[in-house]
Protein chains: 2
Amino acid sequence: MTSPTGRQPTLDEVAKLAGVSRSAASRAINNAAHVSAANRLAVERAVRELGYVPNVTAQALARQKVGAVVLAVSDHNKELFGDPFFGQIIAGVTAALEDTDLDLKLLLCHPERGHDRVRRMLRPPRADGIMVMALRGDDPLQRMVEKSGLPTVYGGLPLHGQPEWFVDVDNRGGARVAAEHLVSLGRRRIASIAGPADTHVAVARLDGFADALSVAQLDHTLVEHADFTREGGAAAMERLLEREPGLDAVSVASDNMAAGALQTLLQHGRRVPEDVAVVGFDDLPIGHLTQPSLTTIQQPIRSLGYEMARLLLAVVDGEKPSPLLLPTRLVVRESAPARVSLAAS
Amino acid sequence: MTSPTGRQPTLDEVAKLAGVSRSAASRAINNAAHVSAANRLAVERAVRELGYVPNVTAQALARQKVGAVVLAVSDHNKELFGDPFFGQIIAGVTAALEDTDLDLKLLLCHPERGHDRVRRMLRPPRADGIMVMALRGDDPLQRMVEKSGLPTVYGGLPLHGQPEWFVDVDNRGGARVAAEHLVSLGRRRIASIAGPADTHVAVARLDGFADALSVAQLDHTLVEHADFTREGGAAAMERLLEREPGLDAVSVASDNMAAGALQTLLQHGRRVPEDVAVVGFDDLPIGHLTQPSLTTIQQPIRSLGYEMARLLLAVVDGEKPSPLLLPTRLVVRESAPARVSLAAS
DNA sequence: CCAGAGACCGGGAGCGCTTCCAGTCCCTGG
DNA sequence: CCAGGGACTGGAAGCGCTCCCGGTCTCTGG
């Protein structure tokens with residue numbers, strides 16, 4: 001009833017009702033300068049009366065910006081979709097966008113299909129900026145993102161190249177702490193189950209593992225790669241046991257894989273943590289359920305999303321913010337408790 | 001280099017290069033009628049040469065549509081964010097949108113904060129249609145969605161009201177099958193851990209439970225509610241054991257809660273499935289990890305997303321599609337195996 | 001008393017596209 | 001041979017907003 005026509009009221013109608021020009025109304029609404037107090041008030045009243053909401057599309061066209069940012073994710077990545085990661089990232093991003101009036105668009109990129117769609121989407125002016133996550137080594141998404149020329153923030157580093165803006169978790173540091181924990185427990189034959197070699201996160205965690213073992217002057221070559229899934233972790237554990245039946249600890253690059261490794265260890269009659277201590281990475285809910293519960297490295301997933309979005313907002317505003325490295329934290333549970341006497345072998 | 005100016009080429013430039021009017025170019029590009037074969041070809045070449053991509057914003061303004069749909073989710077809902085649900089829904093939706101040139105916007109609605117943001121977003125013309133999920137009983141999001149007047153598809157029914165278009169999982173049927181399974185195992189004192197009473201999904205699953213027990217002429221009032229979390233499930237199981245120490249089966253409305261219930265049962269010295277058989281709901285990965293593994297009801301999450309989007313597309317196109325109820329399936333694992341002799345009590 | 005600096009105002013030209021419409025042209029059937 | 005119906009064409013009017021800019025008005029300081 002408030003709007004004369006059935007459609008949404010337009011700026012013109014507001015201006016007319018307020019008795020000012022459209023320009024003045026526009027200024028008042030975007031509270032820019034050069035509007036008298038009286039007119040500002042009149043416009044505000046008209047806005048309220050009509051229930052006026054600016055037409056974002058028209059704004060976008062006139063301002064030459066879109067009013068939306070996109071979160072692009074490679075969806076071959078079990079890492080994000082088998083886990084609760086995704087929801088948390090989104091929650092963080094949303095929180096950062098909360099008082100921004102920017103919309104969040106989602107772009108899932110199948111590595112093979114849907115390239116056209118991605119390309120169209122990334123082509124300006126379909127978004128004002130882009131957050132990109134979970135890239136693989138030679139991900140076509142990365143190229144498309146780079147070609148788009150849009151302000152871009154990486155969530156987690158890509159394998160190749162050093163982007164100007166990114167937010168990452170301190171994977172290397174976290175993995176180092178995990179391995180140090182095992183060393184401090186007196187373990188000497190320490191293996192690792194690493195992630196896929198074509199992801200930066202896997203490489204960084206493996207580096208951290210190597211860092212710690214090198215300092216302790218231990219061998220750090222007892223490594224098997226897997227794909228971040230439970231099944232993959234179980235299989236990798238099999239291979240490790242075959243290579244080195246006498247291993248007394250294993251640092252696993254994800255909780256999912258650690259859960260699989262745990263199963264394999266138990267199947268092979270190893271007691272955890274007495275015979276083999278295990279630490280995971282991620283701190284997923286799953287870590288509470290394994291038998292025994294999982295010592296792991298906690299990473300701030302929600303913050304990752306939040307900081308990505310904040311960084312992007314800054315970049316879009318023309319600032320030159322610094323990249324961010326978020327801290328991790330050791331969470332000690334049963335699979336590698338603080339002090340446990342090494343079982344006599 | 002292809003574009004004369006640094007900016008994206010416009011339709012005018014395409015038309016000029018092709019030697020036709022802008023109208024003709026537009027028609028050719030949207031392959032509408034009334035374009036000669038020659039002109040169509042010329043336009044296509046010009047498009048290719050210039051690397052022209054239509055400006056969606058301008059299209060949106062002229063066409064009076066946005067070119068995007070929104071997925072709105074209430075984020076108080078652990079159900080979606082503690083689980084891998086979310087990623088799968090998104091994957092399904094994306095698949096359905098794949099060859100549509102519609103963008104997917106995401107709207108997370110904190111039940112208390114951010115109402116303005118939601119309202120702005122839902123106000124046309126910020127999206128052409130809306131999918132809404134995970135509503136609670138008196139969810140403000142539902143009111144806002146209804147007031148928006150946008151074509152709406154519900155993913156999962158709301159507690160109140162019967163929306164014209166929805167896609168839901170056959171929760172009632174699934175829960176009935178779960179309970180029937182327990183009955184068929186010879187269990188007679190069957191309890192249930194239900195979800196929050198202010199969600200339709202919880203109510204439906206509880207109804208299904210009651211359906212089955214009524215047919216079997218068993219008491220179906222041994223019910224405790226919880227919040228779909230593991231901790232909640234564990235606590236509810238405590239209460240059930242207190243009320244009825246002699247229960248021999250429990251049907252749990254989610255795998256997460258079932259995992260918690262399992263822990264409680266073991267703590268109380270109950271053997272599963274010998275003393276108490278347990279079935280969950282959802283078929284999350286977690287069900288493989290519990291000790292024993294979890295018999296559960298599988299629901300097609302990805303399909304839910306896919307069908308929601310398909311339905312929405314139909315509605316947006318002015319069709320009147322039918323709502324959908326997706327089937328569930330019993331997955332038998334250790335916590336309630338096909339045949340197990342009831343332990344002598 | 002007057003020049004000049006602001007504050008404020010509204011007209012109007014876009015932003016890039018769609019779409020209506022009046023006008024051509026050609027080709028058919030009577 | 002001619003009327004009439006398509007197929008095709010391009011001009012022009014939007015879609016709803018922003019923002020530049022020339023203009024008015026007021027107030028200050030010299």
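All values reported here derive from a predicted model rather than from experimental measurement. Letters A, B, ... are given to chains in the order of the sequence lines, protein chains preceding strands, and every chain is numbered from 1.
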Using whole Å, report how far [atom1] of [X] lies from [atom2] of [N].
{"X": "B/R40", "N": "D/dT9", "atom1": "CZ", "atom2": "C1'", "result": "14 Å"}
{"X": "A/R22", "N": "D/dC21", "atom1": "CZ", "atom2": "C1'", "result": "15 Å"}
{"X": "B/K65", "N": "D/dG14", "atom1": "NZ", "atom2": "C1'", "result": "18 Å"}
{"X": "B/Q59", "N": "D/dG16", "atom1": "CD", "atom2": "C1'", "result": "17 Å"}
{"X": "B/L61", "N": "C/dG14", "atom1": "CG", "atom2": "P", "result": "17 Å"}
{"X": "B/L11", "N": "C/dT18", "atom1": "CG", "atom2": "C1'", "result": "9 Å"}
{"X": "A/H34", "N": "C/dC9", "atom1": "NE2", "atom2": "P", "result": "10 Å"}
{"X": "A/D12", "N": "D/dC17", "atom1": "CG", "atom2": "C1'", "result": "9 Å"}

Looking at [X], does any N or O in its side chain come under 4.0 Å of the phosphate oxygens OP1/OP2 on [N]?
{"X": "B/T10", "N": "C/dC15", "value": "no"}
{"X": "A/N39", "N": "C/dC8", "value": "no"}
{"X": "B/S21", "N": "D/dT9", "value": "no"}
{"X": "A/Q64", "N": "C/dC15", "value": "no"}
{"X": "B/N55", "N": "C/dC15", "value": "no"}

- Of B/A58 and B/A33, the one whose closest DNA chain D nucleotide lies more 5': B/A33

- Test A/Y154 against every option in A/I130, A/L135, A/V167 by the side-chain contact (heavy atoms from CB on, under 4.5 Å) rule and name the one that passes.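 One option only clears the test, and that one is A/L135.
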
Pairs under 3.5 angstrom only: tabulate donor-acceptor contacts from the side chains of residues 14-21 of chain B to other protein residues two or more places apart or in another chain.
from: B/S21; atom 1: OG; to: B/S23; atom 2: N; distance (Å): 3.4
from: B/S21; atom 1: OG; to: B/A24; atom 2: N; distance (Å): 3.1

- Any chance you could measure B/M133, atom CE, to B/L107, atom CG, to the nearest 0.5 Å? 14.0 Å

- Query: Between the base of C/dG16 and the side chain of B/R63, is there any donor-acceptor pair under 3.5 Å?
  - Reply: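 No, the side chain and the base share no sub-3.5 Å donor-acceptor pair.
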
- Task: For A/R310, check salt bridge (charged side-chain N to carboxylate O under 4.0 Å, His left out) against everything at least two apart and list the hits.
- Result: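 Only A/E307 meet the salt bridge (charged side-chain N to carboxylate O under 4.0 Å, His left out) criterion with A/R310.
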
- Answer with base, sugar-phosphate or nothing: what part of the nucleic acid does A/S23 contact at a heavy-atom distance below 4.0 Å?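 A/S23: base contact, heavy atoms under 4.0 Å.
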
- Message: Side chain of B/A62 only, heavy atoms from C-beta on: which candidate in C/dT18, D/dT9, C/dC8 is closest?
- Response: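 So the nucleotide nearest the side chain must be C/dT18.
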
- Query: Taking the nucleotide of DNA chain C with the closest heavy atom to each, which residue, B/A24 or B/T57, is nearer the 5' end?
  - Reply: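 Result: B/T57.
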
- Message: Using the rule given for side chain to side chain contact (heavy atoms under 4.5 Å, CB included), can you reason through B/T10 versus B/N55, listing the C-alpha separation, both sets of side-chain angles and the distance that settles it, and then say yes or no?
- Response: CA-CA 8 Å; B/T10 74; B/N55 180 318; over 6 Å; no

